[in-house]
Amino acid sequence: MSAQYTGDVTVGGPAQTRELPGLTVTKLAVSEMANNAYLLTSTATGQSLLVDAAAEPAALLALVGDADVRTVVTTHGHWDHHRALPEVVAATGAQTVAHPADAADLPVPVTRPVGHGDTVAVGDQVLEVVHLRGHTPGSIALVWRGGEAAGTHVFTGDSLFPGGVGNTQGDAARFTSLLDDVRARLFDVLPDSTWVYPGHGSDTTLGAERPALEEWRRRGW
């Protein structure tokens with residue numbers, strides 16, 4: 001990990017970059033909702049992928065610069081995560097990736113629908129799609145397994161944050177669905193060292209959050 005990377009970024013402030021063996025992750029906060037956007041770049045090929053073209057297209061395109069962005073993944077259909085998608089796609093020609101259950105909420109067509117267990121390439125690197133049902137019907141996370149040298153990393157959108165799962169608007173069934181999916185599809189299969197990059201706010205790890213899982217279930221949010 002780069003010495004300066006903490007995962008704490010602020011709207012209007014600089015991006016932070018994390019150099020991992022095989023993949024570079026650059027995190028930027030945008031908009032009044034303090035959304036996180038992540039630019040992932042294969043160190044071998046230079047090809048890039050953007051997670052959530054949330055807002056402030058000028059800032060995102062400055063982040064992209066001359067990167068070879070082939071793909072924009074939208075983690076879910078909520079408006080604050082895709083407001084800059086039309087401008088970013090127009091500027092880069094990138095394919096758009098999202099789960100079909102949320103595709104109708106996006107402002108541009110989804111050119112590559114994905115489901116649970118599918119993969120998305122970033123150059124020579126592979127991201128696994130994890131469907132996490134509850135925050136929205138089509139919320140997805142992206143898991144990158146970087147091996148022994150880089151570890152495991154997951155981009156969770158609004159499904160998992162430090163301190164809890166995403167907002168389910170007090171709907172008990174949606175909350176149970178989301179917590180069950182997060183537990184079975186992330187905590188039960190990935191190591192505690194897995195780094196979590198959420199759709200808003202600071203990063204965390206699965207190990208830091210794991211002891212609170214039953215507390216989250218008891219409190220119901």
Side-chain angles (χ1 to χ4, degrees), residues 1-7 9 14-30 35-54 57 59-76 81-82 84-85 87-99 108 110-131 140-157 159-160 185-186 189-191 193-199 203-206:
M1 182 173 68
S2 301
Q4 70 272 22
Y5 186 86
T6 64
V9 292
Q16 285 196 8
T17 297
R18 187 175 194 180
E19 302 280 354
L20 297 161
L23 191 73
T24 298
V25 178
T26 302
K27 178 179 183 177
L28 181 72
V30 294
N35 293 83
N36 295 325
Y38 299 94
L39 182 67
L40 314 184
T41 302
S42 160
T43 53
T45 70
Q47 293 176 9
S48 297
L49 174 151
L50 184 68
V51 180
D52 285 347
L60 292 181
L61 291 173
L63 174 73
V64 167
D66 58 1
D68 182 13
V69 175
R70 302 289 183 93
T71 305
V72 181
V73 177
T74 303
T75 58
H76 62 290
H81 288 262
H82 52 63
L85 191 56
E87 293 89 344
V88 171
V89 169
T92 62
Q95 69 170 348
T96 54
V97 173
H99 192 281
V108 300
V110 174
T111 54
R112 189 188 163 203
V114 292
H116 183 67
D118 287 343
T119 59
V120 180
V122 191
D124 63 333
Q125 301 298 315
V126 175
L127 303 169
E128 179 187 337
V129 175
V130 180
H131 188 196
I140 57 174
L142 299 171
V143 176
W144 179 63
R145 292 177 172 85
E148 187 173 341
T152 303
H153 302 257
V154 58
F155 301 85
T156 55
S159 291
L160 177 64
R185 297 180 171 187
L186 297 180
V189 294
L190 300 176
S193 59
T194 300
W195 196 273
V196 176
Y197 304 84
D203 299 354
T204 186
T205 64
L206 290 186

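A quick note: this is a predicted structure, and the numbers were derived from the prediction, not measured.
Two residues are said to be in side-chain contact when any heavy atoms from C-beta on lie closer than 4.5 Å; T119 and L127 fail this criterion. Using a 4.5 Å heavy-atom cutoff, the side chains of H153 and L20 are in contact. In this structure, the side chains of S193 and T152 stay at 4.5 Å or more apart for every pair of heavy atoms. Counting only heavy atoms from C-beta outward, the side chains of H99 and H76 never approach each other to under 4.5 Å. When side chains are defined from C-beta on, L142 does not count as touching V154, because their heavy atoms never get closer than 4.5 Å. Looking at T71 and V69, their side chains never come closer than 4.5 Å, going by heavy atoms from C-beta outward. L186 is listed as a side-chain neighbour of L160, based on a closest heavy-atom distance under 4.5 Å.
Atom CG of residue L50 and atom CG of residue L28 lie 9.5 Å apart, to the nearest 0.5 angstrom. The distance from atom CG of L190 to atom CZ of R145, rounded to the nearest 0.5 Å, is 5.5 Å. In this structure, CD on Q125 lies 12.0 Å from CG on L49, to the nearest 0.5 angstrom. Taking CG of D52 as the reference point, atom CG of L39 lies at 12.5 Å (rounded to 0.5 Å). With rounding to the nearest 0.5 angstrom, the OH atom of Y5 is 9.0 Å from the OG1 atom of T26.
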**Item:** Step-by-step side chain to side chain donor-acceptor pair (under 3.5 Å) determination, D124 to S42
**Value:** CA-CA 7 Å; D124 63 333; S42 160; 2.6 Å; yes

**Prompt:** Please walk me through it: do E19 and T24 pass side chain to side chain donor-acceptor pair (under 3.5 Å)?
**Reply:** CA-CA 5 Å; E19 302 280 354; T24 298; 2.9 Å; yes

**Message:** side chain to side chain contact (heavy atoms under 4.5 Å, CB included), that's the test. Do V196 and T205 meet it? Break it down for me.
**Reply:** CA-CA 5 Å; V196 176; T205 64; 5.6 Å; no

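For A54 against V30, the heavy-atom pair with the smallest separation is CB-CG2, 4.0 Å. Closest of all the heavy-atom pairs between A53 and V88 is CB-CG2, 4.1 Å. Across all their heavy atoms, P57 and E87 have their closest contact at CB-CB, 3.6 Å. Of all heavy-atom pairs between G7 and D203, the closest is CA-OD2, 3.4 Å.
Counting only distance, with no hydrogens or angles, the side chain of T75 and the backbone of I140 share no donor-acceptor pair below 3.5 Å. Although no hydrogens or angles enter the test, the distance criterion places no donor-acceptor pair under 3.5 Å between the side chain of H131 and the main chain of H116. For the pair K27 (side chain) and Q16 (backbone), a donor-acceptor distance under 3.5 Å is absent. Checking side-chain atoms of N36 against main-chain N and O of P198 turns up a donor-acceptor pair under 3.5 Å.
With V25 as the fixed residue, the side-chain contact (heavy atoms from CB on, under 4.5 Å) test singles out one of V51, T41, L40: L40. Exactly one of T74, T96, V108, V72 qualifies for a side-chain contact (heavy atoms from CB on, under 4.5 Å) with H82. That residue is T74. A ring pair (Phe, Tyr, Trp, His ring centres under 6.0 Å) with F155 is found for one member of W144, W195, Y197 and no other, namely Y197.
Using a cutoff of 4.0 Å between basic side-chain nitrogens and carboxylate oxygens, D118 and R112 are not scored as salt-bridged.
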